[in-house]
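Below you'll find the structure, written out as structure tokens, and then a few comments.
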Protein chains: 2
Amino acid sequence: MNVQLEDNTGKRVAVLNSTLTLIKEHGFHGAPMSLIAKHAGVAAGTIYHYFDSKETLILELYVHVKDKLALAISAGDDPEKPYKDRFFNLMINQFNFYVENEDSLFFLEQYMSSPFAKNFPENDSQLFADKVITLFQYGIDNAYFRNIDSRLLAPTIKGTLVAAATFQLSGQIVFSKEDIIEVISVIWDGIKRQ
Amino acid sequence: MNVQLEDNTGKRVAVLNSTLTLIKEHGFHGAPMSLIAKHAGVAAGTIYHYFDSKETLILELYVHVKDKLALAISAGDDPEKPYKDRFFNLMINQFNFYVENEDSLFFLEQYMSSPFAKNFPENDSQLFADKVITLFQYGIDNAYFRNIDSRLLAPTIKGTLVAAATFQLSGQIVFSKEDIIEVISVIWDGIKRQ
DNA sequence: TGCAACCGAATGAACGTTCAATTAGAAGAT
DNA sequence: ATCTTCTAATTGAACGTTCATTCGGTTGCA
């Protein structure tokens, strides 16, 4: 099965979490293997017991984070409810995940705009595809959305949510429940079939 | 005056352009000073005649690119025209700039999601503030937009355009003029006062 | 007893930066 | 015009540091 989803107390996960924290604090540059090891309470050599190289460490961290994101996003999804409700629930969950996991948000953004994403597009979370992409596809197939290319929808939506979450995390404002609904309405009004 | 805007044939600009190209091709990591020097047809030491360090090189490259972006975006802006027309012109220009300057788009995205943007938020293009931010502020002041925090507008819009441009650059599709209008309509319908 | 987990000092490559030396060009003097 | 002087521009080898990775050895559990 998927190694990332079990053994959450082991050194493997400690290394992943330390990498995430250090990248958030100092960027890709400021996260040398020696520091990751020290932060994780592990010897430098031990990291190489779990990961072939720093590159694979980053690649596997991406899937690890994206898996967590997928689980958080799809929480409370109820196929019985109207599609708009399901969509809003998904968006709210996504916003909350970003706000509550700043390190994950920062890492995902940096990973996505790095050569990693272009060189290894096949390296992605299966869980995310199953839980999230599926719901989008349902909306497309059933014509809830306006007639734009489906592959434009996801990045469009993500851009807005990330902007809002980043904005709140910068400490300038705390969005109320109503504010978040308003932001998501911007997305919904933009992409829904008019 | 602004050094970046004059002397466009000198070695300073050659270094900036080579840095841009190499970062686009190999990321921040794959652009060592020695390679930048070779690519620019310049000795390693010469770079330090124009830039204090690699860090300031990146910081100044950011302003340099943002200046070019500001000029491209505001091309053909006519204060006499209706606001919606001006807005659409701005958006179309921005989309075209991204598509025609993939290296700039890639660099801007990577810079924005790096520690640079957080550590030096004061390091930005004056030209961009004058030409672009001003027009947005006008739309906010005159209530063309729905009542969301103004600082959310820019990143929201940018997210969508970047998504579309990246999508076209991935080679999967070439947007027609009408397609672009459709994408911008998604933005406009989302943020306009309903 | 065997094997996987773990350690951390050692290694060597890569990198940003420095600097003593050289060249180019402009300004001034003759 | 020619020579002199001065400064800015340029060079690239050398330096010192940092970093990812290796490896011989140790621990602990089955």
Side-chain angles (χ1 to χ4, degrees), chain A residues 1 3-4 6-62 64 107 110-111 114-116 119-120 123, chain B residues 1 3-4 6-62 64 107 110-111 114-116 119-120 123:
Chain A
M1 277 294 135
V3 184
Q4 285 99 286
E6 37 194 69
D7 187 25
N8 272 38
T9 54
K11 307 207 167 186
R12 204 194 106 95
V13 173
V15 168
L16 287 172
N17 287 334
S18 293
T19 306
L20 195 59
T21 301
L22 288 173
I23 286 181
K24 146 79 188 327
E25 277 172 13
H26 309 110
F28 269 111
H29 300 283
M33 295 299 254
S34 54
L35 238 189
I36 293 172
K38 184 181 291 184
H39 188 276
V42 147
T46 303
I47 299 180
Y48 289 86
H49 184 70
Y50 294 101
F51 306 96
D52 285 345
S53 66
K54 188 171 187 181
E55 184 172 80
T56 66
L57 166 58
I58 302 287
L59 290 173
E60 294 188 30
L61 176 57
Y62 170 70
H64 177 76
F107 171 75
Q110 206 164 336
Y111 181 93
S114 77
F116 284 117
N119 295 341
F120 308 96
N123 184 264
Chain B
M1 277 296 138
V3 183
Q4 284 99 290
E6 35 193 73
D7 186 24
N8 272 39
T9 53
K11 307 207 168 183
R12 204 193 105 96
V13 173
V15 168
L16 287 173
N17 287 335
S18 293
T19 307
L20 195 58
T21 301
L22 288 172
I23 286 180
K24 145 80 188 327
E25 277 171 15
H26 309 109
F28 269 111
H29 300 284
M33 295 299 253
S34 54
L35 237 189
I36 292 172
K38 185 181 290 184
H39 188 276
V42 148
T46 303
I47 299 180
Y48 289 87
H49 183 72
Y50 294 100
F51 306 95
D52 285 344
S53 66
K54 187 170 187 181
E55 184 173 82
T56 67
L57 167 58
I58 302 287
L59 290 173
E60 294 188 29
L61 176 57
Y62 170 70
H64 176 76
F107 171 74
Q110 206 163 337
Y111 181 93
S114 77
F116 284 116
N119 295 340
F120 308 96
N123 182 265

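Computed from heavy atoms alone, side chains included, the values below leave out hydrogens, waters and symmetry copies. Per chain, numbering begins at 1; letters A, B, ... match sequence-line order.
One can place NE2 of B:H29 at 12 Å from C1' of D:dC19, the figure rounded to the nearest angstrom. Going from atom NZ of B:K11 over to atom P of D:dA9 covers 11 Å, rounded to whole Å.
At least one side-chain nitrogen or oxygen of B:T46 sits closer than 4.0 Å to the OP1 or OP2 atom of D:dT11. OP1 and OP2 of D:dT10 both lie 4.0 Å or more from every side-chain N or O belonging to B:H49. Under 4.0 angstrom from either OP1 or OP2 of D:dC19 there lies no side-chain N or O belonging to A:K54.
Put simply, the side chain of B:E55 reaches to within 4.5 Å of the side chain of B:F120, judged on heavy atoms. By the 4.5 Å heavy-atom criterion applied to side chains, B:Y50 and B:V15 are not counted as neighbours. Between A:K38 and A:P32 the shortest side-chain heavy-atom distance does not fall below 4.5 Å.
Below 30°, between 30° and 60°, or above 60°: for B:Y111 and B:Y62 the angle between ring planes is below 30°, a parallel geometry.
Mapped onto DNA chain C by nearest heavy atom, B:D52 and B:G30 fall at different nucleotides, with B:G30 at the one closer to the 5' end. Nearest-nucleotide positions on DNA chain D for A:S34 and B:G41 put B:G41 closer to the 5' end.
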Practice task
Verify side-chain contact (heavy atoms from CB on, under 4.5 Å) between A:E60 and A:R12, making sure each step is shown before the conclusion.
Solution key: CA-CA 11 Å; A:E60 294 188 30; A:R12 204 194 106 95; 2.8 Å; yes
Practice task
Determine, step by step, whether A:M33 and A:L57 satisfy the side-chain contact (heavy atoms from CB on, under 4.5 Å) criterion, reporting the C-alpha distance in whole Å, the side-chain angles of both residues, the deciding distance to 0.1 Å, and the verdict.
Solution key: CA-CA 10 Å; A:M33 295 299 254; A:L57 166 58; 4.1 Å; yes
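A nucleotide of DNA chain C counts as in contact with chain A when one of its atoms lies under 4.0 Å from a heavy atom; the first and last such, 5' to 3', are C:dA5 to C:dG8.
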